[in-house]
Amino acid sequence: MLRNYFSVAIRNLWKNKAFSAINVLGLAIGLATSLLIILYVLDELSYDRFHAAADRTYEVDADIKFGGSRYDVATAPAPLGPALKADLPEIEEAVRFRKYEGWLVRKGSQNIKENKVIFADSTLFRVFSLPLLAGDPATALKEPRTVVITEKTAVKYFNTADAVGRDLVIDDSVPYKVTGVLKPFPGQTLLDFDFFVSLADAPESRNDKWLANNFNTFLVLRKGADPKKLEAKLGPATAKYIAPQLVSMMNTSQEELARNGDYIRYSLMPLTDIHLYSSKSYELSPTSSIQYVYIFSAIALFILLIACVNFMNLSTARSANRAREVGIRKVMGSQRSQLVAQFLTESLLVSAVAMLLALGIAWLLLPLFNQVAAKQITLSLFSRPWLGWILLALVLTVGLLAGSYPAFFLSAFRPVLVLKGTIASGFRNSMLRNGLVVFQFSISIFLMVGTLVIYNQLRFIRNKQLGFDRDQVLVLQNTNVLGSQARAFRQEIMGLNGIKAGTMTSFLPTSASRNDGPMFLHPVPDPKNAVTMQMWSVDDQYIPALGMQMKTGRNFSAAFATDSQAVVINEAAARLIGLKDPLNQKIYEWRDMDSKNGNGYTIIGVVKDFNFNSLREQVTPLALFLHEDKGSMAFRIRSNDMPALMAQVEQQWRAMVPNQPFSYSFMDDDFNNLYRSESRMGKISLSFAVLAIFIASLGLFGLAAYAAEQRTREIGIRKVLGATMTNIVHLLSKDFLKLVMIAIVFAFPLGWWAMHRWLQDFAYRIGIGWEVFAMAGFMAVGIALLTISFQAIRAALANPVNSLRAQ
């Protein structure tokens, strides 16, 4: 019986090649898209789940409100981890991480800049299941100047993975002994680093400051411990350490902070939730958002449903052609269950063929998808045996879902009515089919609206006036290696043709360097007059070199020796201070309230607000101090021969520090990198929207062809009676276009609601104007009309003599 089902199924599919091809192609594209998204979602959900104690591991986060500012960060004080482990029996183990800018590692006579460097406690391997190829996990990071590296790093520097006991030379002079070599990580992890350095080499790790939050701290709870109850204990457990330092340093207490509305709170974030659920400023590695997982999962489902709808529509549309077959089978004794099995077999066969084609499409598109999504996903059934079960489940689900309605619809025909020719299934007679077309195009138009809004928001971000000019700005990194030659190097570069201005500081609007702390309006520190702000060290060329504008007052000047005790604040700081005229007023830094700086800093100018955070956040208070910082240099360029200018800059670099890496970027690229996730989302959404429209149009093409076929005789008669091509195109197009217009009515409100929610993540955002909906509607109608018109024109051009002869 099963063999008969397959024989009949293959015969019917081959008989209707065009419709079979449309079904297979539509399903294949839908399945390929869904498969790529499934792989993406599974990859996103897999972060740090391979650790043995992953379900008991939590990060300590800090929520701090002080001086008019609130900081919600994934960092904690240096002594917090050891103190909690000693005081709270629920904690089995703790590990701390401290991330710095990176290392200069010597290879031969050259130094290589390595950014994937993290300092870690010796308890690292008792918390995280990082597999060692060589080395003792119990002692690997116990001693100072020891480092654990990855296998690829060992090969890179020693040409072999057998690197334990060998030395890496850092910053030209400091040897670090390799005490362990890591195997490739078995899954995605936030700890994607090449160098794990003993935390004993981080001076801050030994201090007892509870008011500085610089360390990522992870705790492993004992089995059976309740994280909620432990979280409630964090406040009392840390209060006894924080209180004395508040009194000593800030002349206040936690009770006084509470009365002012300020606080310091700690909470626990599950390790496996960090990548997708943490909204905090994260230092270990870039995080994503569960929002994108939901969005892409919904898109995969929608595209798969569109492909299934195509199958249903085309199958039921051609039901009249198979009605006689059903009638004869029933007269000959076939049971309805047998007919259902027959049609479901056809559906499953189409689904299986589509899946084979989908695997080929996904395999071809995977490199491009990985590039756009910044992933390293593979499509290997051998390394992922569970993937085969997913594919089988997709084939069965799609086959049964797409074939269920046609199977039960066709098998329900009554043989008497069928054989009398009573049953007709023209396009106009099927409310369900019309509803499915509306559903298809509603989803497609919804994706169009979303894509247009994302594109417009990204364009708004790229073109927004930020308060500084990021175009044509060359940023040289790691210039601290120049040492005492830094000033001389800057002067040499300033003398090159094409260099218009330059500044020396690591605190650039697009860099990661940040430093915040409280400033006070009076010499005696008091939370009531505290203002928390960013505090940056810059030179006197910083403001003009970056194209910033002064609101009032003046910039720093080498002509004024007293500017070493001056400060320039931004408008946000001036507003928070609350002074009508801040010029010549003084502000004080609590840690410098001694004989060295008892007189505070005099405000000499207010610079107009410029965005130094993501545009998801408002501009926060900022203070600029005239202090030397050699971390980076930025030069404004005006040159028609950029390669030649860059060659001159590099030549000057090589002349002064020949063994140090020459590393640079352009400020506009650094700015755009802040929005890589949104940019990737926009590109992926655009691709999926195009695929959704293509699949829906494919189905519409098939329905239009069938509608033209069903009305062949009518079209012939109308042409004989004088109907023009325009009349025929209008006749065949109007019903379909009505459905597209109904789809627009459903899609627009849903699209507005979804994108309005998405835009709330940005402090600076566009409005969703009518032009977005006009463009989406115009594209939807245009694509539908183009699809339908092809078949309509073909029918209109047919010879009416042949049409009237049609059976």
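Numbers here are sequence positions counted from 1.
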Considering all heavy atoms, the nearest [X]-[Y] contact:
| X | Y | result |
| --- | --- | --- |
| Thr505 | Ser537 | OG1-O, 2.6 Å |
| Ile149 | Phe195 | CG2-CD2, 3.7 Å |
| Val155 | Ala161 | CG2-N, 4.1 Å |
| Thr189 | His51 | OG1-NE2, 4.0 Å |
| Ala623 | Met533 | CB-SD, 3.4 Å |
| Val164 | Gly135 | CG2-N, 4.2 Å |

Fit a plane to each ring of Phe369 and Tyr40, take the angle between them on a 0 to 90° scale, and name the class: parallel (under 30°), tilted (30 to 60°) or perpendicular (over 60°).
perpendicular
### Query
Parallel under 30°, tilted from 30 to 60°, perpendicular over 60°: which one fits the rings of Phe296 and Tyr292?
tilted
[atom2] on [Y] to [atom1] on [X], rounded to 0.5 Å:
| X | Y | atom1 | atom2 | value |
| --- | --- | --- | --- | --- |
| Leu36 | Leu366 | CG | CG | 6.0 Å |
| Leu42 | Ile377 | CG | CD1 | 9.0 Å |
| Leu80 | Leu234 | CG | CG | 7.5 Å |
| Ile64 | Ile264 | CD1 | CD1 | 6.0 Å |
| Thr57 | Leu271 | OG1 | CG | 5.5 Å |
| Lys142 | Asp136 | NZ | CG | 9.0 Å |

Would you call [X] and [Y] a side-chain contact if the rule is heavy atoms closer than 4.5 Å?
| X | Y | answer |
| --- | --- | --- |
| Ile587 | Val567 | yes |
| Leu168 | Val178 | yes |
| Leu190 | Ile274 | yes |
| Val197 | Ile118 | no |
| Leu132 | Phe125 | yes |
| Val220 | Ile91 | no |
| Ile112 | Leu104 | no |
| Phe128 | Val95 | yes |

Step through it carefully: locate the ring centre of [X], locate the ring centre of [Y], and say whether they are under 6.0 Å apart.
| X | Y | answer |
| --- | --- | --- |
| Phe97 | Phe119 | no |
| Phe218 | Tyr58 | no |
| Phe625 | Trp536 | no |

Partners meeting salt bridge (charged side-chain N to carboxylate O under 4.0 Å, His left out) with [X] (sequence neighbours left out):
| X | value |
| --- | --- |
| Asp87 | Lys240 |
| Lys116 | Asp192 |
| Asp162 | none |
| Arg126 | Glu93 |

Side chain to side chain donor-acceptor pair (under 3.5 Å) with [X]: which residues, sequence neighbours excluded?
| X | answer |
| --- | --- |
| Gln477 | Ser663, Ser665 |
| Asn111 | Asp172, Gln660 |
| Asp63 | Arg70 |

Q) Does the side chain to side chain donor-acceptor pair (under 3.5 Å) test come out yes or no for Asp43 and Gln188, once each step is laid out? A) CA-CA 7 Å; Asp43 187 78; Gln188 292 280 35; 2.9 Å; yes
Q. Can any side-chain N or O of Asp194 pair as donor or acceptor with the backbone N or O of Thr153 at less than 3.5 Å?
A.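 Here the side-chain-to-backbone pair does not exist.
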> Donor-acceptor pair, Thr238 side chain versus Gly235 backbone, under 3.5 Å?
Replying inline: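 Checked: pair present.
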Residues 136-165 vs ring-ring contact (aromatic ring centres under 6.0 Å, His included), sequence neighbours excluded, gives none
*Test log, rule side chain to side chain donor-acceptor pair (under 3.5 Å), inputs Ser506 and Asp629*: CA-CA 6 Å; Ser506 58; Asp629 183 311; 3.0 Å; yes
Report task. Sequence neighbours left out, what pairs pass salt bridge (charged side-chain N to carboxylate O under 4.0 Å, His left out) with at least one residue falling in residues 214-236? Result ->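 Counting only pairs at least two positions apart or across chains, the salt bridge (charged side-chain N to carboxylate O under 4.0 Å, His left out) contacts touching residues 214-236 are Glu90-Lys233.
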**Glu143 atom CD, over 12 foreign heavy atoms within 6.0 Å** =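 No, because the 6.0 Å sphere around CD of Glu143 holds 12 heavy atoms or fewer from other groups.
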Contacts of Phe671 meeting ring-ring contact (aromatic ring centres under 6.0 Å, His included) (sequence neighbours excluded), chain-then-number -> Tyr675
Residue set satisfying side-chain contact (heavy atoms from CB on, under 4.5 Å) with Arg145, at least two apart, ordered chain then number -> Val174, Pro175, Tyr176, Asp201
Pro509 meets the side-chain contact (heavy atoms from CB on, under 4.5 Å) criterion, sequence neighbours left out, with Phe468, Tyr542, Leu546, Met548, Phe610, Phe612, Met667
* To do: Would you tell me whether Thr272 and Asp48 have side-chain atoms, one donor and one acceptor, within less than 3.5 Å of each other?
  => no
- Could Arg265 and Tyr263 be counted as a cation-pi pair, given that NZ or CZ must be under 6.0 Å from the ring centre and within 45° of the axis?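 Checked: cation-pi criterion met.
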When Glu59 is tested against each of Asn216, Thr75, Thr217 for side chain to side chain donor-acceptor pair (under 3.5 Å), which residue passes?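 Per the side chain to side chain donor-acceptor pair (under 3.5 Å) rule, the option paired with Glu59 is Asn216, out of Asn216, Thr75, Thr217.
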